[in-house]
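Notes to accompany the following structure.
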Amino acid sequence: MARFHNRKKKVFVKPIVKKQQQQQPNVDHITGNKIPKSFVFSRGKLPGPLRQLQMDLRKLMLPYTALKLKEKKRNNLKDFLNVAGPMGVTHFLILSKTETSPVLRVAKTPQGPTLTFKIHEYSLAVDISQSQLRPRCPQDLFKNPPLIVLSGFAAADEQLRLTTTMFKNIFPDIDINTVKLSSCQRIVLLNYNKDTKLIDFRHYSIRLQPVGVSRRIRKFVQNHQVPDLRNLQDVSDFVTKAGYGSESEADEEAATVTLTSDLSRVNRASTKSAVKLQEIGPRMTLQLTKIEGGLCAGEVMFSEYGNGGNKKKPGNEEGNEKEDGENDGQMEDSDEDDEADNEEDMEEGEED
């Protein structure tokens with residue numbers, strides 16, 4: 001009699017297919033210009049506050065940056081550069097720490113130039129939020145890139161012209177004839193002080209308030225809540241009650257604009273609105289110390305402390321030379337350890 005062997009049934013396992021994230025366009029369909037994208041990462045070990053500053057800078061550069069970029073100790077500069085090409089990344093923002101101060105490098109890929117800034121002071125976004133009575137950070141605040149405003153850079157110095165060009169190209173261009181006012185929600189301000197040679201870096205949110213509308217009426221329209229009229233004799237008291245007049249009465253005429261399109265229920269077209277700026281951070285005080293012709297290497301086009309001893313800053317020559325040497329040492333490429341795995345790790349951490 002034949003003997004039948006029971007074979008184990010193969011269990012079908014449905015493969016897990018990851019949903020592909022919608023890739024961001026590399027070219028603006030309106031202006032036709034290439035959209036700049038960035039990587040914000042660090043070289044060397046950073047303390048906790050500088051790690052948070054790195055995350056604040058990533059949020060500032062949204063939406064055209066990698067918010068969850070994964071970094072490993074074995075990743076060198078070539079690894080980031082190899083991934084940057086296929087993803088259309090045009091700029092690197094690199095944070096590092098020396099014995100004297102933090103350093104921020106802004107580089108254009110793939111061949112430079114590289115601008116090195118010494119961070120004299122900085123404040124995190126959470127510190128600025130805690131210092132405000134009513135912090136403002138809507139959910140859709142980072143859906144669009146910020147506007148860029150440069151002040152005090154109109155000088156004949158070559159390094160200032162190069163700095164102006166670099167910061168202008170970090171953010172996408174806008175066309176004033178086609179731009180939507182609803183997309184202009186943030187602004188980055190850089191102010192150069194020619195006396196101290198320091199750059200004040202600020203990040204603000206933009207909000208509009210209608211002129212001639214009381215605060216009570218504005219809150220009623222925005223929040224869709226039934227007002228409390230129990231202690232009032234008439235509905236008109238709700239509008240004309242003392243102490244709740246228009247907040248825009250004392251605003252300067254230069255701070256008001258006439259809207260060309262509807263933005264919200266209270267900011268309608270052909271009406272005047274007051275422009276309000278509220279700082280959201282991060283905040284930095286920068287000093288340009290060096291410009292290199294290549295990507296974190298190459299010819300030194302400008303140095304605040306002199307080249308080869310031709311120009312020295314008294315009292316701090318040794319410390320500054322040591323600081324530059326440490327920064328250059330952190331940017332040197334190490335041996336490539338499984339470059340393909342490094343690229344895969346960073347691609348998994350990319351969030352467009």
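Position 1 is the first residue of the sequence, and the numbers go up from there.
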Can you list everything that forms a ring pair (Phe, Tyr, Trp, His ring centres under 6.0 Å) with Phe167? Sequence neighbours excluded, please.
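Partners of Phe167 under the ring pair (Phe, Tyr, Trp, His ring centres under 6.0 Å) test: Phe117.
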Closest approach of [X] to [Y] (non-hydrogen atoms, all atoms of both residues):
X	Y	answer
Tyr64	Pro36	CB-O, 3.6 Å
Ser38	Thr65	O-OG1, 2.9 Å
Pro145	Pro63	N-CD, 3.5 Å
Ile199	Thr163	CD1-CG2, 4.5 Å
Leu57	Pro282	CD2-CG, 4.1 Å
Gly88	Lys37	O-CB, 3.7 Å

Would you say the side-chain atoms of [X] pair up with the backbone N or O of [Y], donor to acceptor, closer than 3.5 Å?
X	Y	answer
Gln278	Arg207	no
Asp56	Leu124	no
Thr109	Thr90	yes
Asp79	Asn76	yes
Glu71	Ser42	yes
Asp127	Ser123	no
Ser96	Leu104	no

Any idea how Phe92 and Phe41 line up, ring-wise: parallel (<30°), tilted (30 to 60°), or perpendicular (>60°)?
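If you compare the ring of Phe92 with that of Phe41, the planes turn out perpendicular.
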Could you check Asn144 against Lys180 for side chain to side chain contact (heavy atoms under 4.5 Å, CB included), going step by step and ending with a plain yes or no?
CA-CA 11 Å; Asn144 298 288; Lys180 296 182 180 179; over 6 Å; no
Side chains of [X] and [Y]: does their closest heavy-atom pair fall under 4.5 Å?
X	Y	value
Leu162	Met301	yes
Phe39	Ile94	no
Gln132	Ile128	yes
Ile291	Thr114	no
Arg58	Gln54	yes
Ile206	Lys276	no
Arg186	Ile280	yes
Glu121	Met284	no

Looking at Pro172, Ser183, Cys184, which one forms a side-chain contact (heavy atoms from CB on, under 4.5 Å) with Leu147?
Cys184
In terms of hydrophobic clusters joined by side-chain contacts under 4.5 Å, are [X] and [Y] together?
X	Y	answer
Leu198	Leu150	no
Val126	Leu46	yes
Val179	Val149	no
Val40	Ile148	yes

Only one of His120, Lys118, Lys197 forms a side-chain hydrogen bond (donor to acceptor under 3.5 Å, both in side chains) with Gln287, so which one is it?
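Of the listed options, the one satisfying the test is His120.
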Report the distance from atom [atom1] of [X] to atom [atom2] of [Y], rounding to the nearest 0.5 Å.
X	Y	atom1	atom2	value
Lys108	Ile170	NZ	CD1	10.5 Å
Leu189	Phe201	CG	CZ	9.5 Å
Arg105	Leu115	CZ	CG	10.5 Å
Phe153	Gln159	CZ	CD	11.0 Å
Phe142	Met61	CZ	CE	12.5 Å
Tyr192	Leu160	OH	CG	5.0 Å

Run the side chain to side chain donor-acceptor pair (under 3.5 Å) test against [X] and tell me which residues pass, sequence neighbours left out.
X	value
Glu279	Arg283
Gln111	none
Glu299	none

Test log, rule side chain to side chain contact (heavy atoms under 4.5 Å, CB included), inputs Ser205 and Gln185
CA-CA 6 Å; Ser205 65; Gln185 298 190 15; over 6 Å; no
Worked check of side chain to side chain contact (heavy atoms under 4.5 Å, CB included) between Ile119 and Ser101:
CA-CA 7 Å; Ile119 304 178; Ser101 64; over 6 Å; no
Does Leu50 form a side chain to side chain contact (heavy atoms under 4.5 Å, CB included) with Lys97? I'd like the steps, not just the answer.
CA-CA 9 Å; Leu50 284 181; Lys97 179 71 171 63; 3.7 Å; yes
side-chain contact (heavy atoms from CB on, under 4.5 Å) involving Asp200 - partner list, sequence neighbours excluded:
Asn191, Arg202, Thr285
Listing request: all salt bridge (Lys or Arg N to Asp or Glu O under 4.0 Å) pairs with a residue in residues 135-150, at least two apart in sequence or in separate chains.
none
